[in-house]
There are 2 protein chains.
Amino acid sequence: MSNDLDTVFAALADPTRRAILAMLLEDDMAVTDVADPFEMSLAAISKHLIILTKAGLISQEKRGRVKWCKLEPDALRAASVWMQGFGQFEPVNLDAFERFLEVELPATDDP
Amino acid sequence: MSNDLDTVFAALADPTRRAILAMLLEDDMAVTDVADPFEMSLAAISKHLIILTKAGLISQEKRGRVKWCKLEPDALRAASVWMQGFGQFEPVNLDAFERFLEVELPATDDP
DNA sequence: CGTATATTCAACCAAATGGTTGACCAAAAC
DNA sequence: GTTTTGGTCAACCATTTGGTTGAATATACG
């Protein structure tokens, strides 16, 4: 009964995880670097990354001792289709998206 | 820190609630009728409806002693925009959506 | 070699979630 | 006016969630 929409939407329901996805939009990142801007233990971020991985929203590849996280935007496709079924929403309103990013991205204190 | 993407995505993460939304796509419904196809107490469905209402995904209006539930698809807009920021997904793939409905709608045992 | 770095694991905790039941209240029906 | 009907409330319960800490593991550095 539990399909993957469950896990995808649940993964997206947490602001920390959405912020992580937004960060990975820029570039692949190591776990430690992902954790850096958050006021939260590394272990906590590690758990969030596992949840995102299980939802298919990111993939993790270990090279040497660092584990690289890579965005997998295709995992959003099914969820997007489901939502589109309820109405035609603006296809890609980049302005609106940027606004979300500003609100959701953790404050990176380096200028 | 908690914005409404939190509540919308969290509301969508439950299969019962997604099924309810899909049912309301057809028509407005009374709470009792919404609850009917589910093997779950009326109180449980009532709670789900409250969560959907708080997320803005439905509205409820009491007329007489029956409370009518109405889909509010606009509440999905922000979440949709957010997701679209990660990639261009098929605008409206109705076939794919129908497939979700088949999987997710509770079996209505009347032919 | 020994030590530092990157990441996870395990145990624990508080709070939230999804469900139950039974009492309750308002509107309708008889 | 009594009884259904429609729906919520309150208390409770088990499980999940999001976080902590400290120990453990594996790779790299000097």
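Computed from a predicted model, the values in this text were never measured in an experiment. Naming convention: chains lettered A, B, ... in sequence-line order (proteins, then strands); numbering from 1 in each chain.
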Rounded to the nearest angstrom, tell me the gap between atom CG in A:Leu49 and atom P in C:dA6. 15 Å
Should B:Arg17 and A:Phe9 be marked as a side chain to side chain contact (heavy atoms under 4.5 Å, CB included) after you check the CA-CA gap, both sets of side-chain angles, and the distance that decides it? CA-CA 12 Å; B:Arg17 289 193 291 263; A:Phe9 281 130; over 6 Å; no
In whole Å, what is the span from the CG atom of A:Asp6 to the P atom of C:dG18? 10 Å
Side chain of A:Arg18, backbone of A:Leu12: donor and acceptor closer than 3.5 Å? yes
Side chain of A:Leu42: nearest nucleotide among D:dT8, C:dG19, C:dT8? C:dT8
Check whether the side chain of A:Arg65 and the base of C:dA6 form a donor-acceptor pair under 3.5 Å. no
Please report the distance, rounded to the nearest Å, between CD1 in A:Ile20 and C1' in D:dG18. 12 Å
B:Leu12 CG - C:dG18 P separation (whole Å): 12 Å
Ranking A:Gly64 and A:Glu39 by the position along DNA chain D of their nearest nucleotide, the one closer to 5' is A:Glu39
Do A:Met83 and B:Gln84 touch side chain to side chain, with heavy atoms closer than 4.5 Å? no
Roughly how far, to the nearest 0.5 Å, is CG of B:Leu49 from CD of B:Gln60? 5.0 Å
Whole-Å distance, B:Ile50 CD1 to D:dT8 C1', equals 7 Å
When rounded to whole Å, the CZ to P distance for the pair B:Arg63 and C:dA28 reads 12 Å
From C:dG19, D:dG6, C:dT8, pick the nucleotide closest to the side chain of B:Ala44? C:dG19
N/O (side chain, A:Ser41) to phosphate O (OP1/OP2, D:dG19) under 4.0 Å: no
Is there a side chain to side chain contact (heavy atoms under 4.5 Å, CB included) between B:Val66 and B:Asp33? Walk through the geometry before answering. CA-CA 10 Å; B:Val66 356; B:Asp33 295 334; over 6 Å; no
Of all the choices, D:dG18, C:dT8, D:dG19, which nucleotide is nearest to the side chain of A:Ser46 once you look at every atom? C:dT8
Using whole Å, report how far NZ of B:Lys47 lies from C1' of D:dC13. 11 Å
Whole-Å distance separating the CG atom of B:Asp14 from the C1' atom of C:dG19: 11 Å
Between A:Met40 and A:Lys62, just flag the one whose closest nucleotide in DNA chain D comes earlier from the 5' side. A:Met40
A:Ala43 has a side chain; which of D:dG22, D:dC9, C:dG19 sits nearest to it? D:dG22
